[in-house]
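Below: one structure, written as structure tokens.
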Amino acid sequence: MELWQEMLRQSVDSGKDLVERFGFETGTAEKLNKFFHIRVNPYYLSLIRYPGDPIWLQCIPDAIELEDDGALEDPLNEEAHSPVPSITHRYPDRVLFLITSQCSMYCRFCTRKRKVSDSTKINAKWIQQGLDYIAAHPEIRDIVLSGGDPLMVTDYALERVLSGLRAIPHVEIIRLGTKMPCVLPQRITPKFVKMLKKYHPIYVNTHFNHPWECTPEAEKACTMLADAGCPVGNQAVLMKGVNDDPDVMLELHRKLLKMRVRPYYIYQADLTKGTNHFRTPVRVGLEIMDKLRGHTSGLAVPYYVIDAPGGGGKIPLLPQYVLGRNGKDIILRNYKYDIFTYPDVEEQQPEQHPVERTYMRKKRPSRRKMPVPAEAVTTSESLAGK
Ligand SMILES: *Cc1c(COP(=O)(O)O)cnc(C)c1O
Ligand code: SF4
């Protein structure tokens with residue numbers, strides 16, 4: 001057995017463990033474990049500094065999860081976009097491919113609770129159905145391996161999936177969506193990265209939420225992945241009490257860059273059952289973005305996105321930089337709230353453009369003008385208070 005598998009076996013993994021190690025009341029502990037399986041491995045547990053800290057909140061359950069918050073089990077309507085159980089096909093050219101329901105830790109805020117941890121949900125037949133579906137759809141060029149955590153399976157099992165995908169000519173890139181570098185960095189071994197190298201281009205997206213997770217062990221795991229030629233990105237989730245603070249997010253994203261991890265997304269917390277206590281106002285996310293852009297390396301600035309409820313996909317949100325228009329001028333502000341006027345280029349109607357009329361009209365969809373929303377029309381007086 002490898003070290004990481006041994007560590008997993010030593011996880012806090014039951015209601016009984018919660019009672020013995022954290023003083024939970026038995027009934028509550030069992031109910032919580034039934035609602036969403038408890039699992040915290042000894043490495044992640046060692047990052048906790050005090051009860052209720054940002055690490056604790058992510059992994060130790062809270063009775064508040066059991067209150068009915070009216071939220072859905074599948075807020076993103078992933079099931080509706082599942083042609084076979086292991087695939088979510090929402091975007092034109094890429095799919096999520098779920099190869100396991102297991103995770104090295106069960107994050108209390110997880111949006112995929114309905115699938116995760118239930119081992120009856122994913123089996124070998126489903127993986128084959130996923131490969132068959134991808135092979136039958138030549139428009140799919142990007143595969144996001146997900147779960148659960150796709151690194152929960154053995155190197156051998158993962159290699160079977162990777163070689164299966166590489167046998168499909170139209171598969172261009174493969175991404176691994178894994179929390180391992182953050183929650184169980186010991187999973188990233190020399191043998192593992194050597195195997196990955198055979199299946200490039202492989203991208204890795206990991207999931208750090210707080211600067212305390214950026215440990216020497218995590219740094220080593222990310223370095224090994226980067227040295228093996230995998231660009232590593234990060235997807236963080238914005239959560240109350242964990243990282244809903246511009247200074248915490250700034251520190252996290254700077255630390256990630258130092259570990260050779262490129263921030264990719266900050267997700268607004270989804271409306272998943274039992275996670276209402278983590279939600280933050282969108283204003284907080286926008287303020288965080290406002291305090292990143294310009295104030296630190298552009299490389300440290302991810303996209304802030306909301307996964308549209310009901311399954312519309314990820315929608316990016318930006319603080320308002322366009323304050324309005326004045327004739328052909330566009331009024332902008334920078335990261336310090338200085339105001340600038342930029343003379344925009346006046347556009348010709350597409351019908352009047354001779355080249356377009358002759359050659360391009362049929363090929364091109366009608367051009368839609370980007371609207372500047374009404375509330376963006378701000379005066380300099382109203383900004384004076386900032
Ligand atoms: C997030 C996601 C992807 C990948 O989206 P990118 O913006 O390309 O990273 C693909 N499919 C589904 C269903 C997703 O939720
Ligand atoms: S690792 Fe990802 S899929 Fe697994 S519980 Fe955490 S957020 Fe959910």
Side-chain angles (χ1 to χ4, degrees), residues 8 11 35-41 44 55 57-59 61 65 73-83 86-119 121-122 130 134 139-153 172-184 187 203-209 213 231 233-239 242 262-270 272-275 278 302-316:
L8 272 179
S11 294
F35 174 65
F36 188 46
H37 191 117
I38 296 152
R39 178 179 290 163
V40 200
N41 70 64
Y44 198 78
I55 305 293
L57 290 178
Q58 294 184 68
C59 62
E65 292 174 27
E73 286 196 5
D74 180 16
L76 307 180
N77 204 12
E78 289 188 332
E79 304 292 347
H81 295 95
S82 276
S86 55
I87 296 276
T88 304
H89 192 175
R90 172 177 300 143
Y91 292 110
D93 65 344
R94 56 207 189 281
V95 293
L96 287 187
F97 184 8
L98 277 48
I99 64 165
T100 173
S101 60
Q102 299 293 306
C103 298
S104 57
M105 166 171 128
Y106 291 116
C107 313
R108 302 318 295 179
F109 53 87
C110 182
T111 196
R112 216 171 279 146
K113 282 181 180 162
R114 68 185 192 287
K115 275 217 155 117
V116 162
S117 147
D118 181 350
S119 52
K121 297 232 161 143
I122 292 176
I134 293 164
E139 72 276 18
I140 301 172
R141 38 164 293 282
D142 173 3
I143 315 296
V144 184
L145 290 181
S146 180
D149 194 316
L151 270 56
M152 279 297 279
V153 306
E172 294 175 5
I173 67 169
I174 300 172
R175 303 194 236 178
L176 297 173
T178 175
K179 215 175 149 76
M180 289 290 186
C182 172
V183 292
L184 189 58
R187 173 67 183 93
Y203 289 72
V204 174
N205 262 332
T206 186
H207 180 180
F208 287 82
N209 288 323
E213 296 167 339
N234 188 66
Q235 313 195 155
V237 179
L238 179 57
M239 279 177 284
V242 176
R262 168 76 159 97
Y264 182 49
Y265 283 139
I266 293 177
Y267 285 98
Q268 174 73 2
D270 289 327
T272 311
K273 216 180 170 90
T275 63
F278 283 120
Y303 292 97
Y304 171 44
V305 294
I306 295 186
D307 229 328
K314 299 173 185 67
I315 301 173

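We count ligands from 1, going down the list as the structure has it; atoms in each ligand are counted the same way.
With ligand atoms numbered from 1 in the order given, ligand 1 contributes 13 (C) to contacts under 4.0 Å with heavy atoms of Thr88. Heavy-atom proximity to Val116, at under 4.0 Å, picks out these atoms of ligand 2: 3 (S). Listed by atom number, the atoms of ligand 1 under 4.0 Å from Tyr265 heavy atoms are 6 (P), 7 (O), 9 (O). Within ligand 1, the atoms closer than 4.0 Å to a non-hydrogen atom of Arg175 are 4 (C), 6 (P), 8 (O), 9 (O), numbered from 1 in the order shown. Near Tyr264, with a cut-off below 4.0 Å to any heavy atom, the atoms of ligand 1 are 6 (P), 7 (O), 8 (O), 9 (O).
Within the model, atoms OG1 of Thr272 and CZ of Phe278 stand 11.0 Å from one another, a figure rounded to the nearest 0.5 Å. In this structure, SG on Cys103 lies 10.5 Å from NE2 on His37, to the nearest 0.5 angstrom.
The distance from atom 8 (Fe) of ligand 2 to the nearest N/O/S atom of Cys110 is under 2.8 Å. None of the N, O or S atoms belonging to His207 lies under 2.8 Å away from atom 6 (Fe) of ligand 2.
Atom 6 (Fe) of ligand 2 is approached by the protein to below 4.0 angstrom, counting heavy atoms only.
Geometrically, ligand 1 and Glu78 share no nitrogen or oxygen pair separated by less than 3.5 Å. Taking distance alone, with nitrogen or oxygen atoms compared against 3.5 Å, Lys314 approaches ligand 1 more closely than that limit.
The protein heavy-atom contact nearest to atom 8 (O) of ligand 1 is Arg94 NE, 2.6 Å. The single protein non-hydrogen atom nearest to atom 12 (C) of ligand 1 is Leu96 CG, 3.6 Å, given as residue, atom name and distance. In terms of protein heavy atoms, atom 10 (C) of ligand 1 is closest to Tyr91 CD1, 3.6 Å. Of the protein's non-hydrogen atoms, the one nearest atom 1 (S) of ligand 2 is Lys179 CD, 3.5 Å.
The shell of residues lying under 4.0 angstrom from ligand 2, judged by heavy atoms, excludes Lys113. Within the structure, the closest approach of Asp149 to ligand 2 does not fall below 4.0 Å when heavy atoms are considered.
Looking at Cys103 against ligand 2, only its side chain comes within 4.0 Å, counting heavy atoms. With a 4.0 Å heavy-atom cut-off, ligand 2 is reached by the backbone of Met105 but not by any atom from C-beta on.
Shown here is Tyr303, whose OH atom has no more than 12 heavy atoms of other residues, nucleotides or ligands within 6.0 Å. Within a 6.0 Å sphere centred on NZ of Lys113, heavy atoms belonging to other residues, nucleotides or ligands number more than 12.
For the 3.5 Å distance criterion, the side chains of Ser146 and Arg112 qualify, holding a donor opposite an acceptor. For the residue pair Asn234 / Thr206, no side-chain donor-acceptor distance below 3.5 Å is found, with atom types taken as modelled. One side chain, His207 or Asn209, offers a donor N or O that lies under 3.5 Å from an acceptor on the other.
Side-chain atoms of His89 come within 3.5 Å of backbone N or O of Tyr91 as a donor-acceptor pair.
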side-chain hydrogen bond (donor to acceptor under 3.5 Å, both in side chains) evaluation trace for Ser11 with Asn41: CA-CA 4 Å; Ser11 294; Asn41 70 64; 5.3 Å; no

